[in-house]
There are 2 protein chains.
Amino acid sequence: MAVTMHDVAQRAGVSIKTVSNVVNGYPHIRPETRRRVQDAIDELGYRLNTTARNLRQGRTGMIGLALPELSLPYFAELADSVMRAAEARGVVVLLEQTGAQRERELQALDSPHRRLTDGLLFSPLALEPEETERLQVDYPMVLLGERMFGPVDHVTMANVEAARAATLHLVERGCRRIATVGAHPGETMGSARLRLDGYRKALAEAGLPFDPDLVADAGLWHRSTGAEAMTRLLDAGVQLDGVFAMNDALALGALHVLHTRGVAVPRDVAVIGFDDIDDARYSEPLLSTVDPGREQIAGTAVDLLLERIAGSTVAPRRVVADFRIVARESCLLGQDVH
Amino acid sequence: MAVTMHDVAQRAGVSIKTVSNVVNGYPHIRPETRRRVQDAIDELGYRLNTTARNLRQGRTGMIGLALPELSLPYFAELADSVMRAAEARGVVVLLEQTGAQRERELQALDSPHRRLTDGLLFSPLALEPEETERLQVDYPMVLLGERMFGPVDHVTMANVEAARAATLHLVERGCRRIATVGAHPGETMGSARLRLDGYRKALAEAGLPFDPDLVADAGLWHRSTGAEAMTRLLDAGVQLDGVFAMNDALALGALHVLHTRGVAVPRDVAVIGFDDIDDARYSEPLLSTVDPGREQIAGTAVDLLLERIAGSTVAPRRVVADFRIVARESCLLGQDVH
DNA sequence: GCCTTTGGTTACAACGATGTAGAGTTAATC
DNA sequence: GATTAACTCTACATCGTTGTAACCAAAGGC
């Protein structure tokens with residue numbers, strides 16, 4: 001049915017291997033021969049059979065990307081970035097969702113998909129430090145996100161630094177009573193903990209006291225939980241003039257509640273989020289946030305993984321992406337956009 | 001490096017083909033032989049090499065799913081459903097985003113990914129009817145969504161019927177002045193047009209007049225555009241007691257504005273959305289909506305595609321999924337949840 | 001008791017590409 | 001002008017599976 005190299009070879013009057021050489025850009029081919037082969041390829045509409053090449057080369061040309069949920073905006077956009085980065089490097093991405101459940105995260109490490117991919121980009125949310133040794137897999141892997149350490153390549157965002165910068169951004173705007181939304185009490189290594197650390201660091205640097213009443217917990221980082229947390233803060237009568245939300249969904253929920261309660265943003269309270277998801281560009285007022293360097297994270301992660309796949313055995317690396325404060329309406333200095 | 005059937009065969013003292021037979025569940029094997037092979041497989045930790053099988057069988061075991069954007073919640077959840085449906089049937093999904101751009105939708109039909117997949121589930125948003133003939137591809141394909149017709153398998157939701165039912169649901173609740181949000185003026189075949197048709201049908205059946213002032217346009221179906229459209233309706237001073245939003249994002253944006261303006265939902269205005277995205281379960285008040293049968297759409301689409309891949313040549317089919325009204329707080333009958 | 005059927009297994013040739021080794025040419029070196 | 005090096009191309013084996021055909025043994029039919 002399909003056209004094979006054999007057909008092309010016959011038509012061009014050369015051996016199969018020569019066709020292969022042309023297709024693969026082998027340099028020592030007479031221009032005349034190359035042209036004949038190329039013509040035959042064009043005339044027959046030949047397309048390389050990737051499966052056969054992969055079998056022969058012992059690779060699949062695909063990498064896996066295991067992440068919590070596509071319906072979480074940050075991960076949908078991360079997937080987008082990874083797919084683009086992979087495409088630019090000639091590999092294909094196979095997506096897998098773990099639902100942020102410990103069990104399914106462990107399964108992803110050993111799923112049938114692993115036979116189809118040359119390596120894995122893994123973004124765990126639920127795995128605990130005790131499970132570090134489960135990450136000692138026998139295939140190339142690069143971790144994304146803040147969880148887990150151990151001797152594995154790891155690409156992460158500058159959670160502490162970026163949270164600190166976001167909080168300082170509010171300080172510079174004149175905020176003195178800055179709340180934070182999204183804390184996970186007791187957490188030792190997740191983003192919530194790291195971003196809380198950054199928040200505290202900024203307060204300390206600015207000479208502001210740390211007030212536990214200004215810390216609002218939120219288990220899941222959704223709009224709804226952000227709204228609930230903000231409601232609790234307001235209901236408790238806590239004085240505040242700034243909010244650092246640990247992600248944009250929380251921030252959007254908080255914005256909603258502030259608006260409802262008649263609190264003017266940014267005049268009365270300035271708000272900054274984290275992640276720079278697409279929705280932050282459509283809110284009212286426009287949400288200030290932190291761009292954690294998603295593109296860079298995706299590109300770097302794919303690069304590291306491809307190096308491992310190519311056989312690199314250098315010591316495990318840890319890359320921290322550059323972040324950037326995205327100043328929008330929700331924390332304009334001394335103004336009210338309404 | 002990796003364990004092959006050859007290794008297993010040697011260890012079990014049988015031929016490679018016998019191992020293959022065991023792995024593939026061929027029935028005529030002596031129990032004793034089967035056990036020996038199975039033991040060898042377990043002891044060696046053998047896993048089938050899918051690439052080799054695919055090469056031999058002339059298939060890749062993968063299907064493509066081309067959709068507009070993962071960051072649009074409906075599509076993220078559709079992708080999720082399709083991936084599950086595919087997994088249940090033993091195939092793997094390769095995702096591709098088209099950005100809802102005509103050019104990229106056309107490219108998807110001819111992308112290098114097509115060599116890697118046995119067939120394509122295609123959900124176009126931007127292609128126009130004139131391009132119907134571009135959909136006459138030489139590989140198995142099933143269309144998703146309402147766009148395009150022509151002789152191709154097609155799985156779609158009951159847009160008109162479901163929009164009609166949603167509107168009638170508001171009528172039953174006592175609404176007499178029902179607005180709709182999300183219209184695309186001039187559209188002839190998209191969801192906006194179909195859902196508007198359903199809305200009008202319901203009004204007619206209920207003996208209610210159609211009032212163009214109650215129709216709010218919204219180009220992109222985002223929260224922000226829903227909020228803007230709702231704002232325009234309220235600012236225009238249009239009397240209304242119900243809102244049928246053409247999708248949940250629009251509805252959530254509308255809810256937000258209503259809340260802000262001090263309009264009680266559902267007491268003063270009842271609201272219903274469309275899609276039953278996850279966020280609808282977390283809004284305040286909880287959003288009533290239409291479950292368009294996403295799971296069924298995904299399952300059916302994968303089934304149809306696999307039939308085509310298996311060689312079926314029956315006439316192109318058109319399947320319309322069952323929908324279901326999901327009644328939540330935002331349109332409770334004669335009550336106010338606040 | 002010979003002939004056919006069914007069961008259980010195997011050898012061998014594919015699937016469509018690429019790596020290796022080497023055969024012929026032509027060009028460069030001394 | 002003989003020796004070596006660089007080009008250009010081909011034959012063949014190979015990647016890990018599965019389909020085909022065929023074998024031998026045991027079972028059933030008449």
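Every chain is numbered from 1 and lettered A, B, ... according to where its sequence line falls, protein lines coming before strand lines.
On the nucleic acid side, DNA chain C has its first and last nucleotide under 4.0 Å of a heavy atom of chain A at dG16(C) to dT20(C), going 5' to 3'.
For dG16(D), the OP1/OP2 oxygens have no side-chain nitrogen or oxygen of Thr4(B) closer than 4.0 Å.
In this structure, the CG atom of Asn54(B) is 19 Å from the P atom of dC15(D), given to the nearest Å. In this entry the distance linking CD of Gln10(B) with C1' of dG16(D) reads 15 Å, nearest Å. Taking atom CZ on Arg53(B) and atom C1' on dT18(D), their separation rounds to 9 Å, with Å as the unit. Distance Leu55(B) CG to dG19(D) P: 12 Å, rounded to the nearest Å. If you measure from atom CZ of Arg36(A) to atom C1' of dT8(D), you get 12 Å, rounded to the nearest angstrom.
Sorted by residue number, the members of residues 20-30 of chain A with any non-hydrogen atom under 4.0 Å from DNA chain C read Ser20(A), Asn24(A).
Ile16(A) comes within 4.0 angstrom of a base, heavy atoms only. Using a 4.0 Å heavy-atom criterion, one finds that Thr33(B) contacts the sugar-phosphate atoms exclusively.
Atom CD of residue Glu295(B) and atom CG of residue Asp80(B) lie 7.5 Å apart, to the nearest 0.5 angstrom. For the atom pair CG (Leu116(A)) and NE2 (His113(A)), the distance works out to 6.5 Å, reported to the nearest 0.5 Å.
Between the side chain of Arg56(A) and the base of dT14(D), at least one donor-acceptor pair of N or O atoms lies under 3.5 Å.
Between the side chain of Arg84(A) and the backbone N or O of Gly299(A), no donor-acceptor pair lies under 3.5 Å. Formation of a donor-acceptor pair under 3.5 Å by the Thr98(B) side chain with backbone atoms of Gln101(B) is not found in this model. Between the side chain of Tyr139(B) and the main chain of Leu109(B), a donor-acceptor pair closer than 3.5 Å is present.
Partner of Thr60(A) under the side chain to side chain contact (heavy atoms under 4.5 Å, CB included) criterion, out of Ile309(A), Val91(A), Asp118(A): Asp118(A) alone.
Of the two residues near DNA chain C, Pro31(B) and Gln57(B), the one whose nearest nucleotide lies more 5' is Pro31(B).
Between Arg294(B) and Asp276(B), none of the side-chain N atoms (NZ, or NE/NH1/NH2) sits under 4.0 Å from a carboxylate O, so this pair counts as no salt bridge. Between Arg47(A) and Asp110(B), at least one side-chain nitrogen of the basic residue sits less than 4.0 Å from a carboxylate oxygen of the acidic one, meeting the salt-bridge criterion. Under the 4.0 Å criterion applied to side-chain N and carboxylate O atoms, Glu105(B) and Arg102(B) are not assigned as salt-bridge partners.
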